Trainee: 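Quick one: this structure, given as structure tokens, is what I'll be asking you about.
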Amino acid sequence: MAINWFPGHMHKARKEIKQIMPQMDLIIEVLDARIPFSSENPLVPALRGDTPVIKVLNKRDLADPAITRQWQQHLEQQDRLRAITLTHNQRSEALGILQVAQDMTSHKNRERGALRVMILGIPNVGKSTLINTLAGRTAAKTGNEPAVTRAQQVIKLPDNILLYDTPGFLWPKLSPAACGYRLAVTGAIRSAVIEFDDVALFASDYLLKAYPAALMERYKLETLPVDGLALMDAIAVQRNFFARGGVPDLHKVSEILLNELRAGRLGPISLETPTMVAEETAELLHSEQQVSAQKKNAKK
């Protein structure tokens, strides 16, 4: 199943961001530390041009620290970019972002006006919570569901910094396909538009390969299941989740697995690595080239 979610307000947000981007001195893009690639909007590089950017890998406490370090090193290979990690609601750490912002824009004459900073982030990465932490007050609405912010606003921060808050927006086609699944696993896509069983099966297959010990401990498993579906059946047995007729209630298992994964109850887990993403991207490019070649041959 291909997962996509691009409601009308996201299209509007993209157009508004494009209009005011040339006025910005710096960009802060908030990413989910568990999925730095999948939560990084591919439309942003084209929109920002050479404007310096701070990539904030948020929810660090939920991600695998070793893999987070890999992502930091990988991201900072780009010019005019700093990658920092952040844990939820740590104001002292969050305020460090403002110092980094000033360091990256030291060439700007601050006597002529405020530092204009745009903060971007896809739904549910913690952007609004970070804004409130930086502001020291409730300046942005927060919520457990994605796409809470629907309109731009300007927030005054310490040291003469104007922070331009923008609605979280995805992009029309989530690609590679695994990208959409990872966004769904972490809660960046509204629950109403995903198939819980399908997304949980994707998560189960990945966790079996990457974090088998965490699964064994959390769900008290004596042996490791052979695949994702067998894992979901095993969780149903351990938690006594059965539907009528003694059939495993896979929908309930799916909800429990995803909710516990999102809450960090399986321990710190990352859903992608730089190497994994590079392989997926290369595979997608190869597939697209094959399709293009087939179309050209068909026209001959």
Side-chain angles (χ1 to χ4, degrees), residues 5-7 9-18 20-21 24 26-48 51-63 68 71-72 75 78 81-90 93-94 96-98 100-101 116-135 138-155 157 161-172 174 179-180 182-190 262 271-272:
W5 184 43
F6 194 68
H9 73 272
M10 291 188 183
H11 178 64
K12 179 184 177 184
R14 181 176 62 173
K15 291 198 298 183
E16 291 176 349
I17 289 168
K18 185 177 181 180
I20 68 169
M21 182 69 77
M24 297 299 112
L26 180 133
I27 296 164
I28 297 173
E29 185 176 13
V30 185
L31 308 177
D32 187 323
R34 296 167 294 179
I35 51 168
F37 172 79
S38 295
S39 60
E40 184 180 45
N41 196 320
L43 301 177
V44 170
L47 291 173
R48 79 176 180 92
T51 305
V53 61
I54 300 173
K55 302 278 187 179
V56 178
L57 278 65
N58 200 22
K59 305 183 181 182
R60 178 188 65 206
D61 50 316
L62 297 177
T68 299
W71 276 112
Q72 277 189 281
L75 289 168
Q78 302 176 42
L81 186 152
R82 288 282 303 277
I84 64 177
T85 67
L86 195 65
T87 300
H88 183 69
N89 276 344
Q90 294 293 319
E93 276 194 328
I97 297 172
L98 301 184
V100 174
R116 296 176 182 270
V117 178
M118 177 183 287
I119 186 164
L120 300 168
I122 68 165
N124 213 34
V125 290
K127 176 172 65 69
S128 295
T129 299
L130 174 57
I131 290 170
N132 294 337
T133 303
L134 291 173
T138 303
K141 186 179 179 182
T142 61
N144 291 327
E145 276 292 306
V148 172
T149 305
R150 292 297 184 95
Q152 288 186 22
Q153 61 175 331
V154 182
I155 300 156
L157 298 181
I161 296 175
L162 292 179
L163 188 67
Y164 288 71
D165 182 20
T166 59
F169 71 101
L170 294 171
W171 46 105
L174 303 177
C179 172
R182 291 179 195 127
L183 289 168
V185 168
T186 56
I189 297 176
R190 278 198 186 279
R262 292 169 182 173
L271 297 172
E272 59 190 18

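These numbers were taken from a predicted model, which means no experiment stands behind them. Because only heavy atoms are used, hydrogens play no part in the values below, and waters and symmetry mates are left out as well, while side chains stay in. One is the number of the first residue; the rest follow in order along the sequence.
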Trainee: Could you work out, with side chain to side chain donor-acceptor pair (under 3.5 Å) as the rule, every residue matching Glu272, not counting sequence neighbours?
Mentor: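 Glu272 satisfies side chain to side chain donor-acceptor pair (under 3.5 Å) with Ser38, Arg182 only.
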
Trainee: Quick one: side chain to side chain contact (heavy atoms under 4.5 Å, CB included) partners of Leu62, sequence neighbours excluded?
Mentor: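 Side chain to side chain contact (heavy atoms under 4.5 Å, CB included) check on Leu62 returns Arg34, Lys59.
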
Trainee: Could you tell me which residues satisfy salt bridge (Lys or Arg N to Asp or Glu O under 4.0 Å) with Lys55, sequence neighbours excluded, listed by chain and number?
Mentor: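 Residues passing salt bridge (Lys or Arg N to Asp or Glu O under 4.0 Å) with Lys55: Glu29, Glu40.
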
Trainee: Locate the shortest heavy-atom distance separating Ala83 from Leu57; write the atom from each residue and the value.
Mentor: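 Nearest pair, atom of Ala83 first, then Leu57: CB-CD1, 4.5 Å.
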
Trainee: OG1/Thr186 to CG/Asp32 distance, rounded to the nearest 0.5 angstrom?
Mentor: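 Nearest 0.5 Å value for the OG1-CG distance: 5.0 Å.
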
Trainee: Could you work out, with side chain to side chain contact (heavy atoms under 4.5 Å, CB included) as the rule, every residue matching Ile84, not counting sequence neighbours?
Mentor: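 By the side chain to side chain contact (heavy atoms under 4.5 Å, CB included) rule, Ile84 matches Ile54, Val56, Ile97.
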
Trainee: Distance from Leu26 atom CG to Arg82 atom CZ, nearest 0.5 Å?
Mentor: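 It is 11.0 Å, given to the nearest 0.5 Å.
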
Trainee: Just jot down the salt bridge (Lys or Arg N to Asp or Glu O under 4.0 Å) partners of Arg262, sequence neighbours excluded, or say none.
Mentor: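 Not a single residue meets the salt bridge (Lys or Arg N to Asp or Glu O under 4.0 Å) criterion with Arg262.
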
Trainee: Please enumerate all residues that pass side chain to side chain donor-acceptor pair (under 3.5 Å) together with Thr85, with sequence neighbours excluded.
Mentor: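 In terms of side chain to side chain donor-acceptor pair (under 3.5 Å), with neighbours along the sequence ignored, Thr85 is linked to Arg60.
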
Trainee: How many angstroms lie between atom CG of Leu163 and atom CG of Leu134, to the nearest 0.5 angstrom?
Mentor: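 Going from the CG atom of Leu163 to the CG atom of Leu134 covers 7.0 Å.
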
Trainee: For Ala184 versus Ile189, what's the shortest heavy-atom pair and its separation?
Mentor: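 What the structure gives for the nearest pair is N-CD1, 4.2 Å.
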
Trainee: Between CD of Glu93 and OG1 of Thr133, what distance do you get to the nearest 0.5 Å?
Mentor: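 Those atoms lie 11.0 Å apart.
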
Trainee: Sequence neighbours excluded, which residues qualify as salt bridge (Lys or Arg N to Asp or Glu O under 4.0 Å) partners of Arg116?
Mentor: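 Salt bridge (Lys or Arg N to Asp or Glu O under 4.0 Å) list for Arg116, sorted by chain: empty.
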
Trainee: Show the nearest heavy-atom pair for residues Val53 and Arg48, with the distance to one decimal.
Mentor: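 Between these two residues, the closest heavy atoms are CG1-CZ, 3.5 Å.
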
Trainee: Show the nearest heavy-atom pair for residues Asn124 and Ala188, with the distance to one decimal.
Mentor: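 That would be CB-CA, 4.0 Å.
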
Trainee: Mind checking whether Lys127 and Asp165 have side chains closer than 4.5 Å, heavy atoms only?
Mentor: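 Side chain of Lys127 against side chain of Asp165, heavy atoms only: contact under 4.5 Å found.
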
Trainee: Tell me the closest heavy-atom pair linking Val125 and Val30, and the distance in Å.
Mentor: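 Closest heavy-atom pair between Val125 and Val30: CG2-O, 3.5 Å.
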
Trainee: Side-chain contact, heavy-atom cut-off 4.5 Å: Val185 with Leu271?
Mentor: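 Yes. Closest side-chain heavy atoms under 4.5 Å.
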
Trainee: Could you pull out the closest heavy-atom pair between Leu130 and Ala94, with the gap in Å?
Mentor: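 Between these two residues, the closest heavy atoms are CD1-CB, 3.8 Å.
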
Trainee: How long is the gap from CE on Met118 to CG on Leu47, to the nearest 0.5 Å?
Mentor: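 Going from the CE atom of Met118 to the CG atom of Leu47 covers 8.5 Å.
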
Trainee: Less than 4.5 Å apart, side chain to side chain, heavy atoms only: is that true for Ile119 and Ile155?
Mentor: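 Side-chain contact under 4.5 Å: no.
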
Trainee: Rounded at 0.5 Å granularity, tell me how far CG in Leu86 sits from CG in Leu31.
Mentor: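 That separation rounds to 11.5 Å.
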
